[in-house]
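We name chains A, B, ... by the order of the sequence lines, and we start the count at 1 in each one. Side-chain atoms are counted along with the backbone in the values below, which use heavy atoms only and exclude waters and symmetry mates.
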Protein chains: 2
Amino acid sequence: MARLPVYLRALNSLLEAEVRSCSSEELATAAGVNSAKLRKDLSHLGSYGTRGVGYDVEYLRYQISREIGLTQDWPVVIVGIGNLGHALANYSGFSSRGFRTVALLDADDSRTGELVAGLKIRAFRELTAIVHEHGVAIGVIATPAAAAQSVCDQMVSAGIRSILNFAPTVLTVPDGVDVRMVDLSSELQILAYHEQRKAQLQSGDAPVVATGSEGVA
Amino acid sequence: MARLPVYLRALNSLLEAEVRSCSSEELATAAGVNSAKLRKDLSHLGSYGTRGVGYDVEYLRYQISREIGLTQDWPVVIVGIGNLGHALANYSGFSSRGFRTVALLDADDSRTGELVAGLKIRAFRELTAIVHEHGVAIGVIATPAAAAQSVCDQMVSAGIRSILNFAPTVLTVPDGVDVRMVDLSSELQILAYHEQRKAQLQSGDAPVVATGSEGVA
DNA sequence: TCATGTGAACATATTCACAGCT
DNA sequence: AGCTGTGAATATGTTCACATGA
C-alpha cells in the first residue's frame with residue numbers, strides 16, 4: 001500500500017498532460033513498476049478499470065485519493081524548526097495534497113514568534129492545546145535525536161497517533177500509534193553500500209567471502 | 001540490507017552509553033527489530049558474535065561500517081539549494097558518517113557565490129568538472145520535480161552512478177545506476193491511510209468492502 | 001480483439017526452534 | 001547454562017499466464 005502515493009503522482013502527471021485514459025502498462029511505466037503488480041495493487045481497491053480499454057485517469061485518481069484518505073483534511077504539527085523543520089514547513093508537496101500545517105513548535109522559547117512559511121513559531125508546551133483545537137492527528141518530528149523520544153511521548157499523550165520521524169533515532173510508542181521513520185543518512189549509506197559493490201566488481205575483484213585474515217589453517 | 005544503518009546507529013548509541021558487549025536481544029530491541037531477524041542479518045556478514053556471550057559492540061560496529069563502505073570517504077554533490085537543499089547541506093548526520101559534501105550546485109546563477117553551510121554555491125554547469133576533480137560517486141537531487149530528470153541525466157553522464165532523489169518524480173536511469181527516492185509527501189500519505197483506517201475502526205464502522213452504490217440486485 | 005483481474009507458480013522475507021559452540 | 005548461527009516452516013510479496021468480460 002506504500003505504492004498508492006506513487007500511482008497517484010503518476011496519475012496526476014498524466015492528467016497534466018491531458019491524458020484521459022491509460023492502460024496498466026502505461027501507468028506502470030510512469031510509476032516505475034511492473035504492470036502485473038500495478039493491476040494487483042489496484043484490484044485490492046476494487047474494479048476501477050475496464051477490460052479491453054484500461055483505466056479512466058480522473059476516476060482512478062479520485063478512487064486512490066479516497067482510499068488513501070486525501071479527500072479529507074489532515075491538520076499537521078511540525079516540532080523542531082531547525083533547517084529541516086524550516087524546509088518541511090515550506091514544502092509545497094504537503095499543502096498541495098490535503099495536509100495542512102497548523103502549527104510550528106520549537107522548544108527554544110527565544111524563537112517563539114519568528115515567522116516561518118507564514119506561521120509564527122509557537123512554544124512546544126502549547127502542543128496539547130493545539131492538537132485539541134485543530135484535531136491534529138499527525139505529528140512531524142524534526143528535532144535533534146536526543147529530544148525526539150520526549151517529543152514523541154508528549155505527542156502521544158496529546159492524542160496524536162501518527163508520527164513522521166526525521167530524527168535519527170528509533171522511537172518507542174504504545175500499540176495503536178504508527179511511526180514512519182525517514183532517515184536521510186541511512187539512505188546515503190544504502191547507496192554507499194551498492195556503490196562499493198559496483199566498484200569492487202569493476203576493479204575485477206572476486207566477490208569477497210573470506211576476510212583475508214584467516215590464512216593458515 | 002537496508003537495516004544495516006539502523007543496527008549501526010543502535011551500536012553507536014550503545015557505545016555512547018559505554019556498553020561493551022550486547023546480546024542479539026538487546027541490540028534488536030535498540031534497533032526496533034526481532035532478534036532472530038537481527039541474527040540472520042548479521043550472519044550474512046560473517047560470524048562476528050560469540051555463542052553464549054553475545055557481540056562485542058565496538059568490533060561489530062567496525063564490521064558493519066566496513067560492510068556498508070563507511071570506512072572510506074564518499075564525496076557528495078547536492079544539486080538544488082532551496083529550502084531542502086539548504087537543510088541537507090547543514091545536516092550533520094551526513095558529515096559524521098563519512099559523507100563529505102564537496103559542492104552545492106544550483107541552476108539559478110544569481111545564487112552563485114552565496115555561502116551555505118560553509119560552502120559557496122556553484123553553477124550547475126560545473127557539475128562534470130567537480131565530479132571528476134573530487135571523484136564524486138553520489139549525487140543528491142533536491143530540485144523541483146520538473147528539473148529532476150534533466151539533472152539526473154547530467155549526473156549520469158558526468159559519471160555519477162548513485163543518486164538520492166528528493167524530487168517527487170520517478171527518475172529513469174540506465175542499468176548500473178542506483179536511485180533511491182525519498183518522497184516526503186508519500187510518507188505523510190501512508191500515515192494518513194493508516195490514520196483513516198484507525199478512525200473507521202474506532203467509529204464502529206464495519207470494514208468497508210462494497211462501495212455502497214451497488215444496492216439493488 | 002484487447003486489456004483487466006486473478007489463480008497458480010515462483011521468489012523473497014520473516015519467524016520459529018534448536019543444534020552447536022563458548 | 002546461555003546465546004549465536006541456521007535449517008525448516010511460515011508468511012508475504014512478485015511475476016506469470018490466461019480466463020473473463022467489455
Side-chain angles (χ1 to χ4, degrees), chain A residues 1-7 10-11 14 19-64 67 170 178 181 186 190 193-194 197 209-211 214 217, chain B residues 1-7 10-11 14 19-64 67 170 178 181 186 190 193-194 197 209-211 214 217:
Chain A
M1 296 286 151
R3 287 187 296 266
L4 291 182
V6 178
Y7 301 157
L11 287 167
L14 287 177
V19 176
R20 302 301 208 91
S21 163
C22 69
S23 67
S24 63
E25 200 68 58
E26 292 170 89
L27 183 53
T29 303
V33 302
N34 171 304
S35 70
K37 177 150 59 177
L38 179 118
R39 288 200 303 279
K40 184 142 286 188
D41 286 346
L42 294 186
S43 75
H44 281 281
L45 315 187
S47 274
Y48 297 136
T50 309
R51 290 172 198 236
V53 178
Y55 300 92
D56 180 277
V57 176
E58 173 65 46
Y59 179 62
L60 184 57
R61 193 189 66 86
Y62 173 74
Q63 293 300 341
I64 293 179
E67 181 74 15
V170 173
D178 282 310
M181 169 125 186
S186 286
I190 294 164
Y193 173 82
H194 292 299
R197 285 294 157 101
V209 174
T211 63
E214 68 279 28
Chain B
M1 296 289 150
R3 286 186 297 266
L4 291 182
V6 179
Y7 301 158
L11 287 167
L14 288 177
V19 176
R20 301 302 208 93
S21 164
C22 68
S23 67
S24 63
E25 199 68 56
E26 291 171 271
L27 184 54
T29 304
V33 302
N34 170 305
S35 69
K37 177 151 58 178
L38 178 121
R39 288 200 302 277
K40 183 142 285 186
D41 286 345
L42 295 185
S43 75
H44 281 281
L45 315 186
S47 273
Y48 296 136
T50 309
R51 289 172 198 234
V53 178
Y55 300 93
D56 180 276
V57 175
E58 172 66 46
Y59 179 61
L60 184 57
R61 193 188 67 85
Y62 174 75
Q63 294 300 340
I64 293 180
E67 181 75 14
V170 173
D178 282 310
M181 168 127 188
S186 287
I190 293 164
Y193 173 82
H194 291 299
R197 285 293 155 102
V209 174
T211 63
E214 68 280 27

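- Within the model, atoms CE of Met1(B) and NE2 of His44(B) stand 5.5 Å from one another, a figure rounded to the nearest 0.5 Å.
- Counting heavy atoms from C-beta outward, Glu67(B) and Leu4(B) have side chains that approach closer than 4.5 Å.
- Residue whose closest nucleotide on DNA chain C sits further toward the 5' end, between Lys40(B) and Val53(B): Lys40(B).
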>> Tyr48(A) vs Tyr59(A), test: ring pair (Phe, Tyr, Trp, His ring centres under 6.0 Å). Steps then yes/no.
In response: CA-CA 8 Å; Tyr48(A) 297 136; Tyr59(A) 179 62; 5.7 Å; yes

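- Checking Glu26(A) against Thr29(A) by side-chain atom types alone, no donor-acceptor pair falls below 3.5 Å.
- Distance Arg39(A) CZ to dT4(C) P: 6 Å, rounded to the nearest Å.
- For the OP1/OP2 pair of dG5(C) and a distance below 4.0 Å, the side-chain nitrogens and oxygens of Tyr55(A) include at least one atom meeting the criterion.
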>> Using side chain to side chain contact (heavy atoms under 4.5 Å, CB included), reason through Asp178(A) and His194(B) one step at a time and then give a plain yes or no.
In response: CA-CA 8 Å; Asp178(A) 282 310; His194(B) 291 299; 3.3 Å; yes

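- Rounded to whole Å, atom P of dT12(C) lies 15 Å from atom CZ of Arg3(B).
- Distance Asp41(B) CG to dT12(C) C1': 13 Å, rounded to the nearest Å.
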Side chains of residues 31-38 of chain B: which donor-acceptor pairs under 3.5 Å do they make with residues two or more places apart or in other chains?
residue: Asn34(B); atom: OD1; partner: Ala36(B); partner atom: N; Å: 2.6
residue: Asn34(B); atom: OD1; partner: Lys37(B); partner atom: N; Å: 3.3
residue: Ser35(B); atom: OG; partner: Glu25(B); partner atom: OE1; Å: 3.4

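- If you take CG on Leu45(A) and CD on Gln63(A), they are separated by 8.5 Å, rounding to the nearest 0.5 Å.
- Rounded to whole Å, atom C1' of dT4(C) lies 15 Å from atom OH of Tyr7(A).
- Put simply, NE2 on His44(A) is 12 Å from P on dG5(C), counting in whole angstrom units.
- Side-chain contact check for Tyr55(B) versus Thr50(B): every heavy-atom pair is 4.5 Å or farther apart.
- For the segment residues 23-38 of chain B, the set of residues with a heavy atom within less than 4.0 Å of an atom of DNA chain D comprises Ser23(B), Ser24(B), in numerical order.
- Bracketed by its first and final contacts, the part of DNA chain D lying under 4.0 Å from non-hydrogen atoms of chain B reaches from dG2(D) to dA8(D) in 5' to 3' order.
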